[in-house]
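Worksheet: the structure to be examined is printed underneath.
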Amino acid sequence: MILEKIRKPNDIHKIPLADFPQLAEEIRRFLIESVSRTGGHLASNLGVVELTIALHNVLDFPQDKLIWDVGHQAYTHKILTGRKEEFAGLRKEGGMSGFPKRKESDCDAFDAGHSSNSISAGLGYVRARDLLGQKYRVVSVIGDGALTGGMAYEALNNAAELKTNFIIIINDNNMSISPNVGGMSTYLSALRTAEAYTGMKLSVTKSLKKIPKVGTALVDTVRKTKSSIKQLFIPGMLFENMGLTYLGPVDGHNMRQMMKLFNEAKRVEGPVVVHVLTKKGMGYVPASVHPDIFHGTGPFDIKTGKPLEKKTAPTYTDIFGETMRELGKANERLVGITAAMPEGTGLVKFAKACPDRFFDVGIAEEHAVTFAAGLALGGMIPVVAIYSSFMQRAVDQILHDVCMQNLHVIFAVDRAGLVGADGETHQGCFDLSYLSMMPNMTVMAPKNQWELAEMLKFAVQHPGPCAIRYPRGSVYQGLKEYNAPVVHGKSEVLHHGSGTAILAAGSMVRECASVYEALKDRGEDPTFVNVRFVKPLDTALLDELSRSHHLFVTVEENVKNGGFGEHVAAYMEACHPDTRVLSLAIWDRFVEHGNVDSLRAKIGLSPAGILRAIEEYED
C-alpha cells in the first residue's frame, strides 16, 4: 500500500507522482472505513482528498502554513502529517480532534471550528512572516459556503494591499452544509461554467510564454492589470477588481493540474486566489448523493450508508421544527431565519409549509440577526434559529440591533450546553452568560419537550427579545405531569420542601431529578425548582425560599462566569446573605471533545457529581 509509506510530515515527497491516484484511492477508502466506525465529517473530507495531496506536494511542513477554514475537511491533512494511527480515537475523549489543533501537531497552523476566518488568520501569518524577514509559504483554504461570511470579505479587502505572496484557495463544491445561497454562490457558478474563458486563457498564456525572453513577463503583466483578458469575457471580475490575482477554475480531482496551478500561484508577488472545483462526498455514492446527511455523521453501514444507531426518540430540534411549522401556519407574521442550516436547526418543515416566510441567509450569523431586527421593525415576528456556539458570532448585533431597540425577535439557541464530539469550538457553554447580560432580553431553558413547545408559543406572544436555549439530542420525556403555564419570569416548583433548594436550569432538570430522589432517600426534603427563566430572575421565589432554606444549589450547563448561579448568588448576597449559594456549572476553561455523559461526570454535572458537591459543601 502507498499509504503505509506516509509516516511523518513530508513523506509524500518520496512518493512518485504516478502513484498519487492510488494514494488518493487508499486515503478515500481509509476515511470511509474509519468514519463508518467512529462517526465524523465525511462528505467534506472525501471532497478534498486530491486537493490536500496536491497541496502537500508543493508545500513543506511544518515550515509552510496551511490554514483550513472551519477545519472539518482536514482529515487527509492529518493523515499526510503522520496521524493515521490516531483515527481510531477520532472525536473521542482523549483522542484526536475532528478539527486542526496546534497542540496536536506543528503542522496544524490554526485551531479551527468556525467559518470564514482562514483568510484573516493567513493574512496575519503573512504580515508576521514579512516583518520578521522569513520565507515560508502561507495558504488559506476557504469553502465557497464560507464566502457568505462577511469576515472573509474584510480579509480579502485587507489582503489586496499585499506586495508579497499569499495563496487563497477557494474549495468550491457548491455546498455549505446545505446547498449555498445568495449572490456569491451565483457568481461562482458563473465562473464554474466559464469554460470558453478558461480554455482561451490557457491557450493565450501558452502562446505568450513561447515568445523568447519576454514571454513570461508579458503573462505576468497581463495578469496584474485590471483590464486583463479575463474581463473581456467575464465583466467585473470581483477578485481582480479588488487587487487579487485570480487563477482557475481548476478540476479539484485532477492533481497534476492543481499542482501546476499551485506552483504558478507561488510565483505571484501578491495575493492570489486559486479557484478549485471539488465534489463533496467524492468516491462514496451515499455521501455524494446526500452530502448534507454525511456532512457530520455517526457510525454507519458502509454498504447502505444507513446509520447504525437507531433513532429512538425525537430531538429537541425536531420538537422546535414541528412547533414552528404549526405556529407558522396559524400566524402569517411568523418568519423563520437560519444561517446555512435549515436541516440542522429543524426549519425544513417550516420552509415547506411557509416558503415565502423562510430565509436561509447562508453562513452569515451577524447579518441574520440584524436582518431579523429589520423584519421586526417592519411588522413581522422573526425566529432566528442558530446553534449556540455560532450565535456567539452575532453578540454585537443581538445587543445593539435587537435588545437596544427592544425588538420582538426570538432566538432559538440550538445545541446549548455540552455537544460532545465536536469539542471546544462547538460546545454551547456561553450563551446564558452573554444573553443574560443584555438589557430587555428574556432567556428561557425548557426541562422537556412539552416545555420547549410552550416556551416557543410564549415567545411569539411576548413583545420583546426572547431566547430559548435547548440541548442537542433526544428530548427528556420525564416530569410530564408538571405542566404549569409559562408565565414571564416565573419558575416552576416541582416540589416544595425545606433546608436545601435545588434550582436547575434546562437540561440540568433531568440530571437533578435523580439528585432530588437521592436526597429524599436520605430523609431530606429538598425543594426542587425548574428555573425556566434564567432572565429575569424569579426574585419573588428566591425571597420566599430564603425563609425556609439555608442552601440554594444552582445547576446549569453553562460556564460559571456570568451564568445563572452567579446572578442568584449576587441577589442573595445583597438581599438574603444568610442563605448560602452553591453554584454548579462548567469550569472556566474550554471543554474538549468527548461523550456528553462522560464530560458531565468529569466536570461535576452528573447526578453523582452534583450529589457529591452538595455533600462536600455541607460538611
Inset, instruction - Only counting residues at least two apart or in another chain, list the ones meeting side chain to side chain donor-acceptor pair (under 3.5 Å) with T370. - result: D401
Inset, instruction - Keeping to residues at least two apart or across chains, list the salt bridge (Lys or Arg N to Asp or Glu O under 4.0 Å) pairs with something in residues 551-560. - result: E557-R600
Legend entry - Pair D414 + R472, salt bridge at N-O below 4.0 Å: no
What side-chain donor-acceptor pairs closer than 3.5 Å can you find for residues 429-441, not counting sequence neighbours?
residue	atom	partner	partner atom	Å
D431	OD1	R469	NE	2.7
D431	OD1	R469	NH2	3.2
D431	OD2	S388	OG	2.6
D431	OD2	R469	NH2	3.2
S433	OG	N558	ND2	3.0
S433	OG	N561	O	2.7
Y434	OH	S388	O	3.1
S436	OG	L432	O	2.4
S436	OG	H567	NE2	3.4
N440	ND2	C403	O	2.8

Report, one line per pair, each donor and acceptor closer than 3.5 Å where one atom sits in a side chain of residues 536-547; sequence neighbours left out.
residue	atom	partner	partner atom	Å
D538	OD1	L541	N	3.2
D538	OD2	S491	N	2.9
D543	OD1	Y571	OH	2.7
D543	OD1	H576	NE2	2.7
D543	OD2	Y571	OH	3.2
E544	OE2	H496	NE2	2.9
S546	OG	D543	O	2.6
S546	OG	H576	ND1	3.3

Legend entry - For S598, all residues meeting side-chain contact (heavy atoms from CB on, under 4.5 Å), sequence neighbours excluded: E93, N595
Inset, instruction - Can you sort out the partners of P100 under side-chain contact (heavy atoms from CB on, under 4.5 Å), two or more places apart, ordered by chain and number? - result: W68, A74, D108, A112
Legend entry - Aromatic ring pairing H41/H72, orientation class (parallel under 30°, perpendicular over 60°, tilted between): parallel
Inset, instruction - Name all residues meeting the side-chain contact (heavy atoms from CB on, under 4.5 Å) criterion together with S389; count only those two or more places apart in sequence or in a different chain, and write none if there are none. - result: H114, Q392, H426
Inset, instruction - Please list, chain by chain and in numerical order, all residues satisfying side chain to side chain donor-acceptor pair (under 3.5 Å) with E154, sequence neighbours excluded. - result: none
Inset, instruction - Mind checking side chain to side chain donor-acceptor pair (under 3.5 Å) for S118 and listing every partner two or more places apart, or none if nothing turns up? - result: D69
Inset, instruction - Using the ring pair (Phe, Tyr, Trp, His ring centres under 6.0 Å) rule, collect all pairs that involve residues 525-556, keeping only residues at least two apart or in two chains. - result: F458-F533, H488-F533, Y516-F528
Inset, instruction - Please name all residues satisfying salt bridge (charged side-chain N to carboxylate O under 4.0 Å, His left out) with K349, sequence neighbours left out, ordered by chain then number. - result: E322
Legend entry - salt bridge (Lys or Arg N to Asp or Glu O under 4.0 Å) pairs, two or more places apart, involving residues 442-457: K447-E451, K447-E492, E451-R532, E454-K457
